[in-house]
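First up is the structure itself, then whatever we jot down about it.
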Amino acid sequence: MAGSVVYVDHSEIVEGKVEELKTALRELAELVEAEEPGLVSYQVFLDEDERHVSVLHVHHDADSLARHAAVAGPSFASFVGLVELRRIDLYGDVGPELVERMRDKARLLGTGTVEVHPFHAGFARL
């Protein structure tokens, strides 16, 4: 499905903040689950040393990612001081407005870049 969008971000966890971050991430995941029933998947992964965190979500389309930014966006400021966002990868066709919103998030939470990977070929069984 050419319309699907995958979002992946990678951050370093600020030293001494892992437990606070875990709590904040659980709360955000609960909010997303309750308020975004159309979201296909929202998952958080920590590395074995709990020094890095990655967040992955799968959307049916760019509108779903825009809704996520509206629902979860107000919570992003609570992650300042907990993580240093290093990179956001957007897979799919998202448009310039969403890319700029993700750049705003990257600036808020770190010095990360936003990389867009337009759809080329394949399918998704969503």
Side-chain angles (χ1 to χ4, degrees):
M1 173 188 284
S4 62
V5 172
V6 176
Y7 167 104
V8 183
D9 74 32
H10 303 280
S11 299
E12 292 178 28
I13 300 170
V14 173
E15 190 172 336
K17 297 295 184 173
V18 71
E19 294 307 319
E20 188 177 344
L21 176 64
K22 285 180 179 180
T23 298
L25 287 166
R26 277 191 296 274
E27 290 171 358
L28 181 58
E30 289 170 4
L31 171 73
V32 169
E33 184 175 22
E35 299 295 325
E36 298 183 58
L39 186 60
V40 175
S41 177
Y42 183 89
Q43 300 177 68
V44 178
F45 302 89
L46 296 170
D47 69 349
E48 289 181 9
D49 296 332
E50 296 187 333
R51 295 180 59 212
H52 298 91
V53 61
S54 296
V55 180
L56 177 145
H57 27 107
V58 179
H59 301 268
H60 285 288
D61 55 28
D63 289 343
S64 174
L65 178 58
R67 174 159 171 72
H68 175 73
V71 169
S75 299
F76 296 157
S78 65
F79 290 88
V80 172
L82 301 179
V83 298
E84 271 294 316
L85 195 142
R86 297 297 183 210
R87 182 180 174 116
I88 297 174
D89 285 293
L90 299 170
Y91 297 90
D93 300 319
V94 296
E97 285 183 29
L98 265 175
V99 172
E100 191 54 36
R101 287 173 86 175
M102 296 304 112
R103 287 187 177 130
D104 289 343
K105 179 182 180 180
R107 285 188 288 270
L108 173 68
L109 297 176
T111 58
T113 60
V114 176
E115 301 292 329
V116 180
H117 309 272
F119 179 77
H120 175 68
F123 66 93
R125 292 189 173 118
L126 302 175

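Just so it is clear, the values below take in all heavy atoms, side chains as well, and ignore hydrogens, waters and symmetry mates. Numbering starts at 1 and runs along the sequence shown.
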May I ask you to test the L28-F79 pair for a side-chain heavy-atom distance under 4.5 Å? yes
Distance col, row Y7:OH vs L98:CG, nearest 0.5 angstrom, shows 11.5 Å
Quick check: are there more than 12 heavy atoms from other residues, nucleotides or ligands sitting under 6.0 Å from CD of E33? no
To the nearest 0.5 Å, atom CG of L90 lies from atom CZ of R101 at 12.0 Å
Rounded to the nearest 0.5 Å, what separation is found between the CG atom of L21 and the CZ atom of R26? 9.5 Å
Return the minimal non-hydrogen interatomic distance between G38 and S64, and the atom names on each side. O-OG, 4.4 Å
Please table the atom pairs, donor to acceptor, closer than 3.5 Å between any side-chain atom in residues 10-19 and protein atoms at least two apart or in another chain.
residue	atom	partner	partner atom	Å
H10	ND1	S54	OG	2.8
E12	OE2	R86	NE	3.0

What one should report as the nearest heavy-atom pair of A106 and G112 is CB-O, 3.6 Å
Rounded at 0.5 Å granularity, tell me how far NE2 in H59 sits from OH in Y42. 9.0 Å
If I take atom OG1 from residue T111 and atom CZ from residue R87, how far apart are they, to the nearest 0.5 angstrom? 12.5 Å
How about D9 and L109: do any of their side-chain heavy atoms sit closer than 4.5 Å? no
Verify the neighbour count for atom CZ of R107: are there more than 12 heavy atoms of other residues, nucleotides or ligands below 6.0 Å? yes
Mind jotting down which residue pairs meet the side-chain hydrogen bond (donor to acceptor under 3.5 Å, both in side chains) criterion with at least one end in residues 66-81? Sequence neighbours excluded, please. E36-H68
For D61, what residues pass the side-chain hydrogen bond (donor to acceptor under 3.5 Å, both in side chains) criterion, not counting sequence neighbours? none
If you apply the rule side chain to side chain contact (heavy atoms under 4.5 Å, CB included), what do you find for L65 with H57, and how did you get there? CA-CA 9 Å; L65 178 58; H57 27 107; 3.9 Å; yes
Checking side chain to side chain contact (heavy atoms under 4.5 Å, CB included) for the pair F119/V5: CA distance, chi angles, key distance, verdict? CA-CA 9 Å; F119 179 77; V5 172; over 6 Å; no
Step-by-step side chain to side chain contact (heavy atoms under 4.5 Å, CB included) determination, K22 to L46: CA-CA 9 Å; K22 285 180 179 180; L46 296 170; 3.6 Å; yes
